[in-house]
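Here the structure comes first, spelled out in structure tokens, and everything after it is commentary.
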Amino acid sequence: MPELPEVETVRRGLAPVFEGGRLARVEARRPDLRFPFPPRFVERLEGQRVDTLRRRAKYLLAGLNSGETLLMHLGMSGSFRIEDGDVATPGEFHHPRSGASAHDHVVFHFETGARVVYNDPRRFGSMTLIEAGELATHPLLRDVGVEPLGPDFGAERLLALLAGARTPLKSALLDQRRIAGLGNIYVCEALHRARLSPLREAGSLSRPRARALAAAIPQVLQEAIEAGGSTLRDHRQADGALGYFQHAFAVYDREGAACRHRRCAGTISRIVQSGRSTFYCPQCQL
DNA sequence: GCTGTAACCTGTCGGC
DNA sequence: TGCCGACAGGTTACAG
């Protein structure tokens, strides 16, 4: 499911429950997700207070008062929902396509009575604990690239990140070691907005084209966050609400439809790059 | 090194 | 209606 806007939307929804909340009990209903849970996973969480809930790339990081950090990734189909005590909040939803609770793998019970349930049918998500002081060097985080919504991102940084890369621009932008948080949808959307072909060699960008792309990426992400992310199949906000950015897609999943750029008579095409669908307008994305 | 592919797992959808 | 293959928002191990 989730790219940066969806993860950020989830973070904002969970923060009021997590931040300042104390974990009274944690249920891990299976031994693993994508990876096995770390040793004594539940015991290390129970009794802890969550001080902060942050996002880095597509990861959620819950800072615990023990100094450890709970690292969570939603994979392709992961989602959280908040339940309030014995009575579901109005926003609670039964996942429409996940087969009810069969895929509720982790449940966080807070002292307030609130519960946060992690559901993940495909189990590509992951959770682990990182010890104090090891965040920067942890294998899952140490190679993660620049935050596209952060102050360090811009045209010059983008040019440096892509310099010499022979791979297609689409593939380079999906590489989390370069830019952190972009996924298939928002790479397609940002390339269309910047009028750049996904097939173009990544290292071939001129400075003006890099400026256009460096502007388009945060624009698209910010607009998606404001829309609550994109709901295709799985993504819900933590309160159960849908995201709405899918209605604003210019290219993603619009094969055969008319290009939305002014004065472009092109038709959106779908091709496959690195085994994944790319949507673009061959007429105006050069 | 860099790059592309296959694999992980489950559910959905379209075609026959 | 039922079966089968293709496909899905991500990441990583591996081969070339």
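Predicted, not measured: the structure shown is a model, and the values here were computed from it. Computed from heavy atoms alone, side chains included, the values below leave out hydrogens, waters and symmetry copies. A note on names: the letters A, B, ... follow the listed sequences, proteins ahead of strands, and every chain is numbered from 1.
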Using atom [atom1] of each nucleotide, how far apart are [N] and [M] to the nearest Å?
N	M	atom1	value
B:dA6	C:dA6	C1'	16 Å
B:dG11	C:dT12	C1'	23 Å
C:dT11	B:dG1	P	22 Å

How long is the line joining [atom1] of [X] and [atom2] of [N], in whole Å?
X	N	atom1	atom2	value
A:Met72	C:dT11	CE	P	16 Å
A:Arg166	B:dG4	CZ	C1'	15 Å
A:Glu255	B:dC13	CD	P	18 Å
A:Asp253	B:dT12	CG	P	17 Å
A:Lys170	B:dG4	NZ	P	12 Å
A:Leu169	B:dG4	CG	C1'	17 Å
A:Leu33	C:dT11	CG	P	15 Å
A:Gln176	C:dG10	CD	C1'	8 Å

**Message:** Does the structure show A:Phe124 stacking with B:dC9, if we require the centres to be closer than 5.5 Å and the planes to be within less than 30 degrees of parallel?
**Reply:** no
**Prompt:** Under a single-linkage definition using a 4.5 Å side-chain heavy-atom cutoff for Ile, Leu, Val, Met, Phe, Trp and Tyr, are A:Leu71 and A:Val7 assigned to the same hydrophobic cluster?
**Reply:** no
Report the nucleotide, chosen from [options], that has the shortest atom-to-atom distance to any side-chain atom of [X].
X	options	value
A:Ser277	B:dG4, C:dT11, C:dC7	C:dC7
A:Ser171	C:dG10, B:dG4, C:dC7	B:dG4
A:Arg123	B:dT10, B:dT3, C:dG10	B:dT10
A:Pro168	B:dG4, C:dT11, B:dT3	B:dG4
A:Glu3	B:dT10, C:dC7, C:dG10	C:dG10

Between [X] and [Y] (side chain of the first, backbone of the second, donor and acceptor by atom type, cut-off under 3.5 Å), is there such a pair?
X	Y	result
A:Glu19	A:Leu53	yes
A:Glu83	A:Val116	no
A:Gln176	A:Leu174	yes
A:Arg30	A:His103	no

**Request:** Measure across A:Ile82 and A:Gly13 and return the closest heavy-atom pair with its distance rounded to 0.1 Å.
**Result:** CD1-O, 3.5 Å
**Request:** Would you indicate what A:Tyr252 reaches in the nucleic acid, counting non-hydrogen atoms under 4.0 angstrom: base, sugar-phosphate, or nothing?
**Result:** sugar-phosphate
**Request:** Answer with base, sugar-phosphate or nothing: what part of the nucleic acid does A:Gln273 contact at a heavy-atom distance below 4.0 Å?
**Result:** nothing
**Prompt:** What about the rings of A:Phe18 and A:Phe110, do their centers lie closer together than 6.0 Å?
**Reply:** yes
Tabulated below should be each protein N or O lying under 3.5 Å from an N or O of nucleotides 12-16 of chain C; please produce it.
{"unit_1": "C:dT12", "atom_1": "O4'", "unit_2": "A:Arg34", "atom_2": "NH2", "d": "3.2"}

**Single hit among A:Asp104, A:Asp120, A:Asp239 for salt bridge (charged side-chain N to carboxylate O under 4.0 Å, His left out) with A:Arg81** = A:Asp104
**Message:** Which residue in the set A:Lys58, A:Arg54, A:Arg55 passes salt bridge (charged side-chain N to carboxylate O under 4.0 Å, His left out) when paired with A:Glu147?
**Reply:** A:Arg55
**Prompt:** Taking both distances under 3.5 Å as the test for a Watson-Crick or G-U pair, what stems of at least three pairs does DNA chain C have?
**Reply:** B:2-8 with C:10-16, B:10-16 with C:2-8
**Prompt:** Does A:His103 make a side-chain N or O approach to OP1 or OP2 of B:dG11 shorter than 4.0 Å?
**Reply:** yes
**Item:** Base of C:dA8 paired with side chain of A:Arg276 (donor-acceptor, under 3.5 Å)
**Value:** no
**Request:** Run the salt-bridge test on A:Glu189 and A:Arg193 with the 4.0 Å N-O cut-off and return the result as yes or no.
**Result:** no
**Prompt:** Do the non-hydrogen side-chain atoms of A:Glu255 and A:Ser277 ever get within less than 4.5 Å of each other?
**Reply:** no
